[in-house]
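Within every chain, numbering begins at 1; the chains are lettered A, B, ... in the order of the sequence lines, protein sequences first and strands thereafter. Worth saying up front: this structure is predicted, and the values here are computed from it rather than measured.
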Amino acid sequence: MIYTPIDTSFYKAPVLELAQNLLGHYIVHEQPDGILAARIVETEAYRGPEDQAAHSFGNRRTKRTDIMFGAAGSVYTYRMHTHTLVNVVGGPIDTPHAILIRAVEPIEGLEQMRENRGVQLKMHDWTNGPGKLTKAMGITMDYYGHHWSKKPLFIAEGAGVGKIVVGPRVGIGNSGEAVHYPWRFYEKDNPFVSKYRA
DNA sequence: CGGGTGATAGACT
DNA sequence: GTCTATCACCCGG
């Protein structure tokens, strides 16, 4: 299977639209040992300045959040203890919006994903969480500031998506009103969507 | 050196 | 399904 990166204009849509548009597309990671591809099935939007759950709330700008003030389509990775989480930057320059990739569905490079995750795990546990999918696909902090339209790590046109479900976001703790914003999007009945904990 | 940053694996019910 | 112990790095001061 040959994959082609989506043009940068794709990322210029309003961030809530972009979060939904990403569903069904492929994340592709070209590695020396082979190609890894997975379908995006769950995303969450974060709208920097006015969203208490975002790292960039109130335009908080540090070296860590700096990339979110950059061009739409940039890769924002951050480390959560043992896990790396990956985001797609949205919004215009100086508007720190981002979309967290929460779950993907393995498409190609299954053997390598299995090795990355541990051979004893069931397939549905490979990528059904934001920390899991980065490990399965070999995405590391080295990609901080990379752009999703460039190889070896890019997003490619998918083959469509099923019914999209909208709901509140996960794991954002006490973030005031922002907790209730329906900014989580996922494909209905997809077994790789991460489970919601109330 | 202290604060910021939630998800994971596995045990239990 | 539900619970919870455990997990590490980056940054600013």
Counting only side-chain nitrogens and oxygens, does [X] get under 4.0 Å of the OP1 or OP2 atom of [N]?
X	N	value
A:Arg60	B:dT5	yes
A:Lys132	B:dA9	yes
A:Tyr78	C:dC9	no
A:Arg64	C:dG12	no

Interatomic distance, [X] [atom1] vs [N] [atom2] [rounded to whole Å]:
X	N	atom1	atom2	answer
A:Trp126	B:dA9	CH2	P	14 Å
A:Lys122	B:dA9	NZ	P	15 Å
A:Asp125	B:dA9	CG	P	7 Å
A:His81	B:dT8	NE2	P	12 Å
A:Ile172	B:dG4	CD1	C1'	17 Å
A:Lys135	C:dC7	NZ	P	14 Å
A:Leu85	C:dC9	CG	C1'	13 Å
A:Gln52	B:dG6	CD	P	13 Å

Under 3.5 Å donor-acceptor, A:Asp125 side chain and A:Leu121 backbone
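It does not hold such a pair.
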Tell me if a side-chain donor or acceptor on A:Asn128 pairs with a main-chain N or O of A:Phe192 at a distance below 3.5 Å.
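Checking the backbone N and O of A:Phe192 against the side chain of A:Asn128, no donor-acceptor pair under 3.5 Å is found.
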Give a yes/no verdict on a cation-pi contact between A:Arg169 and A:Tyr46, requiring under 6.0 Å between NZ or CZ and the six-membered ring centre and an angle within 45° of the axis.
yes
Does A:Arg61 qualify as a cation-pi partner of A:Phe69, given the criterion of NZ or CZ under 6.0 Å from the six-membered ring centre and within 45 degrees of its axis?
yes
As a test of reading the structure: which of [options] is closest to the side chain of [X], going by heavy atoms?
X	options	result
A:Lys63	B:dG6, C:dG12, B:dG4	C:dG12
A:His83	B:dG4, B:dA7, C:dC9	B:dA7
A:His55	B:dA9, B:dT5, B:dA7	B:dT5
A:Arg117	C:dG12, B:dA9, C:dC9	B:dA9
A:Thr82	C:dC9, C:dA8, B:dG6	C:dA8
A:Pro130	C:dC9, B:dT5, B:dA7	B:dA7

Side chains of A:Thr127 and A:Glu105, donor plus acceptor under 3.5 Å
no
